[in-house]
Each structure stands twice: as C-alpha cells, then as structure tokens.
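Within every chain, numbering begins at 1; the chains are lettered A, B, ... in the order of the sequence lines, protein sequences first and strands thereafter. All values below were derived from every heavy atom in this structure, side-chain atoms included, with hydrogens, water molecules and symmetry-related copies excluded.
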Number of protein chains: 2
Amino acid sequence: MSSAAKVDVFQAIADPTRRTLLKLLGKQEMSVAQMTGHFSISRTAVNKHLHILSDAGLVSHHKVGRETRYQLQPDNLRELKDWLNYFEQFWDNKLAMLKFLVEQDEDSPEENPPLRLVEKKPPSE
Amino acid sequence: MSSAAKVDVFQAIADPTRRTLLKLLGKQEMSVAQMTGHFSISRTAVNKHLHILSDAGLVSHHKVGRETRYQLQPDNLRELKDWLNYFEQFWDNKLAMLKFLVEQDEDSPEENPPLRLVEKKPPSE
DNA sequence: ATTATATGAAACCCATAGGTGTCACGTCAA
DNA sequence: TTGACGTGACACCTATGGGTTTCATATAAT
C-alpha cells in the first residue's frame with residue numbers, strides 16, 4: 001500500500017525529460033517554473049510530465065504560496081531495482097552476491113558479520 | 001562500441017511484454033514461436049518486440065535451422081543500473097556506498113584493500 | 001484596486017507505438 | 001516433390017504520448 005502507482009514506474013522513467021526531472025529533484029525541491037527553465041519545452045508540457053511522475057509515485061508536491069513545489073519520492077524506484085536485481089546474476093555474480101549479503105545484513109541489524117570481498121574473477125563473457 | 005543501441009534501454013524495458021521476454025530469455029535461449037506461446041498476441045507482434053530489444057542491445061539472435069533463437073544480452077542493462085545507482089543514495093546510503101566500493105575495486109584489479117562497512121550517514125544534500 | 005506571476009485544466013495536433021493480417025521464402029518431414 | 005513449419009517483411013489500423021495554445025484562477029506585488 002506504499003503508493004497508488006496509477007502509472008508504471010518503468011513507463012514513467014522511459015522518457016528522458018522525466019528522467020532529467022527526477023535528477024533535478026534529486027538535488028533539491030523545485031517549483032514548476034524553476035524546472036521548466038531547464039528545458040526548451042513549454043511549462044504545460046513539464047506539468048504533464050510531473051503528473052505522470054506523480055501518478056507513478058516518484059514525486060510528491062505541496063503548495064507554497066502561489067507555486068507548487070515538487071519533491072523526489074524515490075521509494076518506488078525499488079521496484080525497478082528489484083527487477084534489475086534479477087538480471088544482475090547474468091553479468092556480475094560477485095556484485096549480486098555482495099548486494100544479497102548487504103541486504104541480509106540490513107534485515108538483522110544486531111548482527112554484524114565481517115564482510116569480505118570474494119576472489120576476483122573476470123566476467124564470464 | 002559495445003552496442004549500436006539504436007533504441008534507448010529505458011524505452012526498451014518500458015513495455016511489460018518486453019520485460020517478460022527478457023525474463024524468459026533469462027532462463028534459456030528460445031525461438032520466436034516458443035516465446036509467442038507465452039503470450040496472447042500474434043507472433044508478428046512478438047517479433048517486433050524482439051526487434052526493439054535487439055536494437056537496444058538487450059538480446060542477440062542466431063539462426064538454427066528454420067528457427068531463430070534469441071539470447072539474453074544483459075550488458076546494456078548496466079546503463080539502467082548506473083542510472084538507478086544515483087538515486088539509491090536517497091533511500092539506502094549503506095548499500096550505495098558498498099556498491100561504489102565494489103565497483104572501485106573492479107577497476108583496479110591489482111589492489112585489494114580490505115573493505116569495511118562504513119557507518120551510515122545522511123545524504124550530503 | 002490593479003497588475004504581474006505561477007499554475008492547472010482543456011482542446012487540439014501529429015507522430016509513433018503496439019497491434020493485426022497477409023504474403024513470400026527457406027527449411028524440415030514424408 | 002510436396003507440404004507443413006518457422007520466420008521476416010509489409011501494409012494497415014487505432015490508441016496514446018508528448019507537444020502546443022488558450023483560458024481561468026489564485027497569490028504576490030505595487
């Protein structure tokens with residue numbers, strides 16, 4: 001129940017303009033006009049992109065005076081990460097293993113086993 | 001020159017059918033007809049999706065007799081991973097740091113410093 | 001009170017994405 | 001040789017995505 005997610009996250013990040021918007025919001029909360037300044041498209045177009053990002057649960061917004069400030073809401077990117085995680089086994093077993101171990105560690109904070117890097121091995125192909 | 005990448009990877013994985021195709025190919029090399037069996041759309045439609053995945057460099061294909069076998073080619077998913085990596089700092093600093101360190105290690109194979117888990121700290125900005 | 005600013009919503013345009021069916025061709029089986 | 005199988009290339013259709021312009025409204029500034 002983390003988010004309504006009326007729009008697919010994969011779909012939301014498919015557009016390069018929206019990806020740039022997310023990067024911008026990663027730096028700081030911004031108003032619509034402020035963001036529009038970074039593009040050569042109309043403010044209305046930017047607004048549409050923001051709506052899509054909002055429907056995907058990737059940004060939130062709140063009004064400050066007459067302007068609408070948008071904030072990055074990266075939680076739903078986890079879905080993307082989880083998807084990608086499945087494929088990481090195909091190109092880098094070592095990194096996938098490490099991530100697995102780290103996530104295990106996250107779930108049991110009282111334990112803190114000494115993590116060590118495994119032997120280096122070249123990519124299978 | 002790893003790939004032509006005529007199609008954006010983000011765009012390529014935006015479609016759920018194409019994501020399913022990638023998952024299928026993650027299990028094993030498959031022919032077009034074989035993949036079509038997993039969907040309710042026409043073979044021609046599947047073929048188009050495969051072309052898009054191919055243009056994005058995510059799959060490769062080779063002919064075996066009269067059938068065309070497709071294989072997963074996950075290298076270009078790194079672009080997606082790199083993009084996502086930037087945002088991970090906003091939801092999980094520890095994991096992002098570890099990944100960074102691991103990748104650093106990948107780049108300098110002659111050195112092998114003892115990596116230790118660092119303390120969790122809030123994003124710098 | 002009046003004007004400028006910041007925004008949202010609506011109507012509209014056009015390119016393209018995703019789907020279909022058809023046809024031709026190479027390959028495997030009888 | 002003949003026919004079924006597996007596929008690629010085309011032509012076509014329709015919904016939607018990303019863009020625009022215009023209009024209305026609320027807030028800030030003078």
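- With hydrogens and angles left out, the side-chain atoms of His62(B) and Glu29(B) include a donor and acceptor closer than 3.5 Å.
- Using a 4.0 Å cut-off, no side-chain N or O of Asn47(B) falls inside it from OP1 or OP2 of dT7(D).
- Between the CG atom of Leu53(A) and the C1' atom of dG17(D) there is a distance of 14 Å, given to the nearest Å.
- Distance, Glu67(B) CD to dG8(D) P: 11 Å, rounded to whole Å.
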Practice prompt. Show the numbers, then the answer: is there a side chain to side chain contact (heavy atoms under 4.5 Å, CB included) between Arg18(B) and Ile52(B)?
Written response: CA-CA 9 Å; Arg18(B) 288 196 287 270; Ile52(B) 293 175; 3.3 Å; yes
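- The residue among Gly65(B) and His61(A) whose nearest nucleotide of DNA chain C is located toward the 5' end is His61(A).
- Residue His49(B) places at least one side-chain N or O closer than 4.0 Å to OP1 or OP2 of dG19(C).
- With rounding to whole Å, Ile52(A) atom CD1 is found 11 Å from dT16(D) atom C1'.
- Every residue meeting the side chain to side chain donor-acceptor pair (under 3.5 Å) condition with Ser60(B), not counting sequence neighbours, appears here in chain and number order: Gln73(B).
- The heavy-atom pair separating Leu58(A) from Ala12(A) by the smallest distance is CD1-CB, 4.0 Å.
- For Arg18(A), taking side-chain heavy atoms from C-beta onward, the closest of the listed nucleotides dG8(D), dA4(C), dG18(D) is dG18(D).
- Counting to the nearest Å, the P atom of dT16(D) and the NZ atom of Lys48(A) are 14 Å from each other.
- Per the geometry, CZ belonging to Arg66(B) stands 5 Å off P belonging to dG6(D), to the nearest Å.
- When heavy atoms are screened at a 4.0 angstrom cut-off, His51(B) is found touching the sugar-phosphate backbone but no base atom.
- Taking 4.0 Å as the cut-off between side-chain N and carboxylate O, Lys48(B) and Asp15(B) do not count as a salt-bridged pair.
- Between dG8(C) and Thr68(A), a contact under 4.0 Å exists linking OP1 or OP2 to a side-chain N or O.
- Listed by residue number, the members of residues 33-45 of chain A with any heavy atom below 4.0 angstrom from DNA chain D are Ile41(A), Ser42(A), Thr44(A), Ala45(A).
- Under the rule for a ring pair (Phe, Tyr, Trp, His ring centres under 6.0 Å), the partners of His61(B) that lie at least two apart in sequence or sit in another chain are Tyr70(B).
- If you take CG of Leu50(A) and P of dA6(C), they are 16 Å apart, rounded to a whole angstrom.
- Separating the CD1 atom of Ile13(B) from the P atom of dA17(C) is a distance of 16 Å, rounded to the nearest angstrom.
- Ion pair Arg69(A)/Glu67(A) flagged as a salt bridge, since at least one NZ, NE, NH1 or NH2 atom sits closer than 4.0 Å to an Asp/Glu carboxylate oxygen.
- Separating the CG atom of Asp55(A) from the P atom of dG18(D) is a distance of 13 Å, rounded to the nearest angstrom.
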